[in-house]
Trainee: 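Encoded as structure tokens, here's the structure I'll be asking about.
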Amino acid sequence: MSEVSTALPAKVGVLGGGRMGAGIAHAFLINGCDVVVVERDEASAQGARERVESAAAKSIERGSVDGNLGEMLTRFDVSVDYAAFADRELVVEAVPEIWDLKVSSLKAVEEHLAADAILASNTSSLSMSGLAAELQRPENFLGLHFFNPVPASTLIEVVIAKQSAPELIERARGWVQGLGKTAVVVNDAPGFASSRLGVAIALEAMRMVEEGVASAEDIDNAMVLGYKHPTGPLKTTDIVGLDVRLGIAEYLHETLGDRFAPPQILRDLVEQGHLGRKTGKGFYDWS
């Protein structure tokens, strides 16, 4: 078996500079890539710039990255123009988990890419083959599912669409290794491996809270202390966002059946605006 090349693309683009997009941009930036983030408007672009620059500064302050912040930031820019992707070798889409938004965003990016550029989606559950079918060069498309928070996570799920060129698997493995992370490769299926398993455990934990089996904290402690999970399924749901988990669960319910039906407690909390850490309350109080 030949050795996997860990060479990263010299020029990388990220569509969307929210928490995940900024984390992805940061990961490539601190590993030597030239990175541009494209956002929908100037205010969002400025927010993305601040998130990435702050994360880069903290990485240097902590000593987890060697380098000079000034030099690093010469390799980073933000834009509101998709044309900024024209010279990118790899672009990772990181917009919200809404099918129509994913499709329109990927199509818009592809229009500006060189013929041999690779386009990736950070989707955590949507059909990669379905998204690929919407593109003109589906063979150049795959999933790179990063995990939140990106800097601390050591996993990237490489998701292969039916249309993905076979050589993309080894290229993607190399990129993941070049980022100092570990790849798991899965064929396209609803929820892939990580979301399907993670959501299944989380939904059962929610049902246990709903039925009064135990408190959220005790259920989480059972998984942390008994199964060595770094955080329990309910705290993880709060960190990911209850709205995000509900969206994934609804998609898995639709595609895989009733075992992924969202519990009423999840629907109620989302309807009440309790989305987890980002709103100050979910299964835990974050205020």
Side-chain angles (χ1 to χ4, degrees), residues 4-95 105-106 108-122 140-142 144-156 158 168 171-183:
V4 173
S5 170
T6 60
L8 289 166
K11 295 187 175 183
V12 175
V14 180
L15 179 65
R19 183 188 296 272
M20 287 302 300
I24 294 166
H26 169 252
F28 282 102
L29 182 64
I30 64 175
N31 283 285
C33 302
D34 182 290
V35 179
V36 64
V37 173
V38 171
E39 261 290 2
R40 64 185 182 276
D41 54 44
E42 292 293 347
S44 300
Q46 182 57 31
R49 181 183 296 278
E50 291 170 0
R51 279 187 283 274
V52 176
E53 290 184 354
S54 174
K58 289 176 182 175
S59 293
I60 293 173
E61 289 169 11
R62 288 194 302 264
S64 55
V65 175
D66 291 329
N68 175 276
L69 182 61
E71 180 280 327
M72 194 178 290
L73 295 184
T74 65
R75 295 185 279 103
F76 173 63
D77 201 6
V78 296
S79 177
V80 295
D81 188 351
Y82 282 75
F85 290 143
D87 64 347
R88 302 292 106 173
E89 299 166 47
L90 168 68
V91 173
V92 182
E93 164 273 309
V95 303
S105 298
L106 290 166
V109 172
E110 187 184 42
E111 286 179 9
H112 292 85
L113 296 183
D116 60 349
I118 304 303
L119 179 57
S121 175
N122 182 54
N140 289 355
F141 178 67
L142 80 165
L144 290 177
H145 178 206
F146 290 75
F147 288 77
N148 186 26
V150 176
S153 173
T154 57
L155 174 67
I156 298 177
V158 176
L168 275 186
R171 290 182 70 184
R173 281 187 189 274
W175 298 336
V176 173
Q177 196 171 335
L179 293 173
K181 301 182 187 295
T182 299

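The structure presented is a predicted model; accordingly, all values stated were derived computationally and were not measured.
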Trainee: How long is the straight-line distance from CG of Leu144 back to CG of Leu179, given to the nearest 0.5 Å?
Mentor: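 Going from the CG atom of Leu179 to the CG atom of Leu144 covers 9.0 Å.
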
Trainee: Atom CD1 in Ile60, atom CD1 in Ile30: separation rounded to 0.5 Å?
Mentor: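 With rounding to 0.5 Å, CD1 (Ile60) is 9.0 Å from CD1 (Ile30).
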
Trainee: For the residue pair Gly178 and Asn31, what are the closest heavy atoms and their distance?
Mentor: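 Closest approach of Gly178 to Asn31, heavy atoms only: O-OD1, 3.4 Å.
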
Trainee: Which pair of non-hydrogen atoms, one from Glu93 and one from Ser121, has the smallest distance, and what is that distance?
Mentor: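 Heavy atoms only, the tightest pair is OE1-OG, 2.5 Å.
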
Trainee: Looking only at non-hydrogen atoms, find the nearest pair between Val176 and Ala183 and report the distance.
Mentor: CG1-N, 3.5 Å

Trainee: Rounded at 0.5 Å granularity, tell me how far CZ in Arg49 sits from CG in Leu73.
Mentor: 8.5 Å

Trainee: What pair of heavy atoms forms the shortest contact from Leu69 to Ala56, and how long is it?
Mentor: CD1-CB, 3.9 Å

Trainee: Check Gly17 against Val37 and note the closest heavy-atom contact, atom names and distance.
Mentor: CA-CG1, 3.8 Å

Trainee: Give, for atom CG of Asn140 and atom CG of Leu168, the distance between the pair rounded to the nearest 0.5 Å.
Mentor: 6.5 Å

Trainee: Decide yes or no on side chain to side chain contact (heavy atoms under 4.5 Å, CB included) for Leu15 and Phe85, but give the supporting numbers first.
Mentor: CA-CA 9 Å; Leu15 179 65; Phe85 290 143; 4.2 Å; yes

Trainee: Would you mind listing every side chain to side chain donor-acceptor pair (under 3.5 Å) that reaches into residues 52-69, with sequence neighbours excluded?
Mentor: His26-Ser59

Trainee: Going by atom types alone, do Gln46 and Glu42 pair a side-chain donor with an acceptor below 3.5 Å?
Mentor: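 Side chains of Gln46 and Glu42: no pair found under 3.5 Å.
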
Trainee: Quick check: do Leu90 and Phe28 have side-chain heavy atoms less than 4.5 Å from each other?
Mentor: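 Leu90 reaches Phe28 side chain to side chain.
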
Trainee: Closest approach of Tyr82 and Ala108, non-hydrogen atoms and distance?
Mentor: CE2-CB, 3.6 Å

Trainee: Step by step, work out the side chain to side chain contact (heavy atoms under 4.5 Å, CB included) result for Asn122 and His145.
Mentor: CA-CA 4 Å; Asn122 182 54; His145 178 206; 4.1 Å; yes

Trainee: Could you check whether any side-chain N or O of Asp81 sits under 3.5 Å from a backbone N or O of Ala84, counting only pairs where one atom can act as donor and the other as acceptor?
Mentor: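 Looks like no, no N/O pair under 3.5 Å.
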
Trainee: Do Ile118 and Arg171 pass the side chain to side chain contact (heavy atoms under 4.5 Å, CB included) test, and can you show the C-alpha distance, the side-chain angles, and the key distance before you say yes or no?
Mentor: CA-CA 10 Å; Ile118 304 303; Arg171 290 182 70 184; 3.8 Å; yes

Trainee: Would you confirm whether Arg88, through its side chain, and Ala117, through its main-chain N or O, come within 3.5 Å as a donor-acceptor pair?
Mentor: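 No: the side chain of Arg88 does not pair with the backbone of Ala117.
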
Trainee: Once you round to the nearest 0.5 Å, how far does CG of Leu113 lie from CG of Leu119?
Mentor: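 Between Leu113 CG and Leu119 CG, I get 6.0 Å after rounding to 0.5 Å.
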
Trainee: Distance-only, no hydrogens or angles: does the Lys181 side chain make a donor-acceptor pair with backbone N or O of Val150 under 3.5 Å?
Mentor: yes

Trainee: Return yes if some donor-acceptor pair links the side-chain N/O of Arg75 with the main-chain N/O of Cys33 below 3.5 Å, else return no.
Mentor: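 Looks like yes, one N/O pair under 3.5 Å.
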
Trainee: Evaluate the side chain to side chain contact (heavy atoms under 4.5 Å, CB included) criterion for residues Arg173 and Val158: first the C-alpha distance (whole Å), next the side-chain angles of each, then the deciding distance (0.1 Å), finally the verdict.
Mentor: CA-CA 8 Å; Arg173 281 187 189 274; Val158 176; 5.7 Å; no

Trainee: What's the separation between atom CG in Asp34 and atom CZ in Phe76, rounded to the nearest 0.5 Å?
Mentor: 10.5 Å

